[in-house]
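These notes are about the structure you will find just below.
Scope of the values below: all heavy atoms of this structure, side chains included, with no hydrogens, waters or symmetry mates.
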Amino acid sequence: MEPMTRMVPQVQEHLDALKERLLVMGGIAEEQVRLVTAALVRRDPDLAARVQASDPPLNDLHIEIDQRCVRVLALHQPVAMDLRAVLAAVKINTDLERVGDLAVNIAEAVQRYLLHPPVSTPDHIPLMADLAQQMLRDALDAYVRHEVPLAERVLDTDDQVDALKAQVSVDLVPVMQAVPSTIEPALDLILIARHLERIADHATNVAEDVIFMVSGRDVRHHGAAS
């Protein structure tokens, strides 16, 4: 039993390091979403370019965190909640990397959109971005604090983002029908809304992983109440 007693603090030390690196990664991803939304609203291609340039550091963190997780699993063989914490870190790491990829995709769409005269940008898009950022922030806070209610709140917010995404198309389709020259930029706005919805989905994935890590409940296909 003595080796196991000495191993527990080591596992906790590694888990704390994983949390710290995931928070750094989450901060970068959240800032990418904020900047790319500002690029769209302000019609600022330089901001969009900054988002594209910020992707390599996120990719480097993705690799680093994966390697840390593998070392913990290989060297310490964690069990119970410690094992769930490492597995959650692996999955959260992937979701955050994909948020970064989606922010880059939005930046590319913004660059294309700015080549055209402006289309009336639906207010729903900045609101979607605000909600997605808040979901990401809350999901990571829930991860750090082991707060299941906060994670469940993230799941509840996802429906709002889905509804806003649908409304963007409802608003823009009549514009495209009335003014054919708006079709290309309006399609980019619809694509941006779709990417923001996917970012919210990844924040939801993080929240689901937190619930599993803390409680052992798998709510991926059943909702928070299951």
Side-chain angles (χ1 to χ4, degrees), residues 22-23 25-37 39-40 51-52 54-55 58-59 61-62 65-66 84 87-110 122-144 147-172 187-215 217-226:
L22 283 170
L23 286 176
M25 193 173 182
I28 295 173
E30 186 184 331
E31 179 68 1
Q32 284 180 309
V33 178
R34 186 190 70 80
L35 286 176
V36 80
T37 306
L40 173 64
V51 172
Q52 292 168 299
S54 67
D55 197 47
L58 203 67
N59 292 337
L61 274 169
H62 181 223
I65 292 168
D66 263 357
R84 296 201 303 267
L87 295 178
V90 172
K91 295 167 71 177
I92 291 169
N93 185 36
T94 297
D95 279 305
L96 292 177
E97 191 273 336
R98 289 176 180 168
V99 168
D101 287 345
L102 287 164
V104 170
N105 291 345
I106 293 172
E108 292 169 352
V110 169
D123 293 337
H124 309 302
I125 290 180
L127 181 54
M128 286 180 72
D130 288 343
L131 286 172
Q133 289 174 72
Q134 187 62 53
M135 289 171 69
L136 195 59
R137 192 177 309 122
D138 286 347
L140 289 170
D141 284 347
Y143 168 66
V144 170
E147 284 192 16
V148 169
L150 183 56
E152 290 174 338
R153 193 167 74 196
V154 173
L155 306 189
D156 294 337
T157 306
D158 190 49
D159 289 340
Q160 299 178 41
V161 178
D162 292 344
L164 287 168
K165 181 254 184 182
Q167 191 60 45
V168 169
S169 295
V170 170
D171 290 349
L172 287 174
L187 285 175
D188 276 321
L189 291 176
I190 291 172
L191 182 61
I192 288 167
R194 183 178 303 166
H195 289 326
L196 288 170
E197 180 197 26
R198 290 295 300 134
I199 288 172
D201 287 343
H202 286 297
T204 297
N205 291 346
V206 173
E208 290 170 343
D209 290 334
V210 170
I211 293 169
F212 177 71
M213 177 185 74
V214 176
S215 70
R217 288 189 296 133
D218 188 339
V219 298
R220 287 177 295 176
H221 303 295
H222 307 288
S226 297

Under the criterion side-chain contact (heavy atoms from CB on, under 4.5 Å), I'd like the reasoning laid out for Leu196 against Leu164: C-alpha separation, chi angles, the key distance, then a yes or no. CA-CA 10 Å; Leu196 288 170; Leu164 287 168; over 6 Å; no

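Gln134 is not listed as a side-chain neighbour of Val154, based on a closest heavy-atom distance of 4.5 Å or more. Contact of the Asp159 side chain with the Asp162 side chain is registered, since non-hydrogen atoms from C-beta on lie closer than 4.5 Å. Counting heavy atoms from C-beta outward, Gln160 and Leu131 have side chains that approach closer than 4.5 Å. Between Val148 and Val210 there is no side-chain heavy-atom pair separated by less than 4.5 Å. Using a 4.5 Å heavy-atom threshold, the side chains of Lys165 and Val168 count as separate. Annotation: side chain of Glu147 is not in contact with side chain of Asp141 (no heavy-atom distance under 4.5 Å). In this structure, the side chains of Leu96 and His62 stay at 4.5 Å or more apart for every pair of heavy atoms. Between Met25 and Glu97, the closest side-chain pair of non-hydrogen atoms falls below 4.5 Å.
Checking each of Arg217, Lys91, Arg220 against Asp209 for a salt bridge (Lys or Arg N to Asp or Glu O under 4.0 Å) leaves exactly one that passes, namely Lys91. For the side-chain contact (heavy atoms from CB on, under 4.5 Å) with Gln32, the qualifying choice from Leu58, Thr37, Asp101 is Leu58, the only one to do so. The only member of Leu102, Val99, Asp130, Ile106 that meets side-chain contact (heavy atoms from CB on, under 4.5 Å) when paired with Val33 is Val99.
The CG atom of Leu35 lies 12.0 Å from the CD atom of Gln52; values are rounded to the nearest 0.5 Å. Atom CG of Leu189 and atom CG of Asp171 lie 11.0 Å apart (nearest 0.5 Å). How far OG1 of Thr94 is from CG of Asn205: 10.0 Å, rounded to the nearest 0.5 Å. Note that the CD1 atom of Ile92 and the CG atom of Leu87 stand 11.0 Å from one another [nearest 0.5 Å]. Taken to the nearest 0.5 Å, the CD atom of Glu30 stands 12.5 Å off from the CE atom of Met135. Atom CG of Leu155 and atom CG of Leu150 lie 10.0 Å apart (nearest 0.5 Å).
A salt bridge links Arg198 with Asp201: the closest approach of a Lys/Arg side-chain nitrogen to an acidic carboxylate oxygen falls below 4.0 angstrom. Between Glu197 and Arg194, no side-chain nitrogen of the basic residue sits less than 4.0 Å from a carboxylate oxygen of the acidic one, so the salt-bridge criterion is not met.
In terms of heavy-atom proximity, Gly26 sits nearest to Leu136 at O-CD2, 4.4 Å. Closest of all the heavy-atom pairs between Val51 and Ala103 is CG1-O, 3.7 Å. Nearest heavy-atom pair, Ala207 versus Ala151, reported as atom, atom and distance to 0.1 Å: CB-O, 3.4 Å. Across Ala139 and Ala203, no two heavy atoms sit closer than the pair CB-O, 3.7 Å.
Side chain of Gln167 to backbone of Ala163: no donor-acceptor contact under 3.5 angstrom is found. Judged by distance alone, with hydrogens and angles left aside, the side-chain atoms of Arg84 form a donor-acceptor pair with the main-chain N or O of Phe212 at under 3.5 Å.
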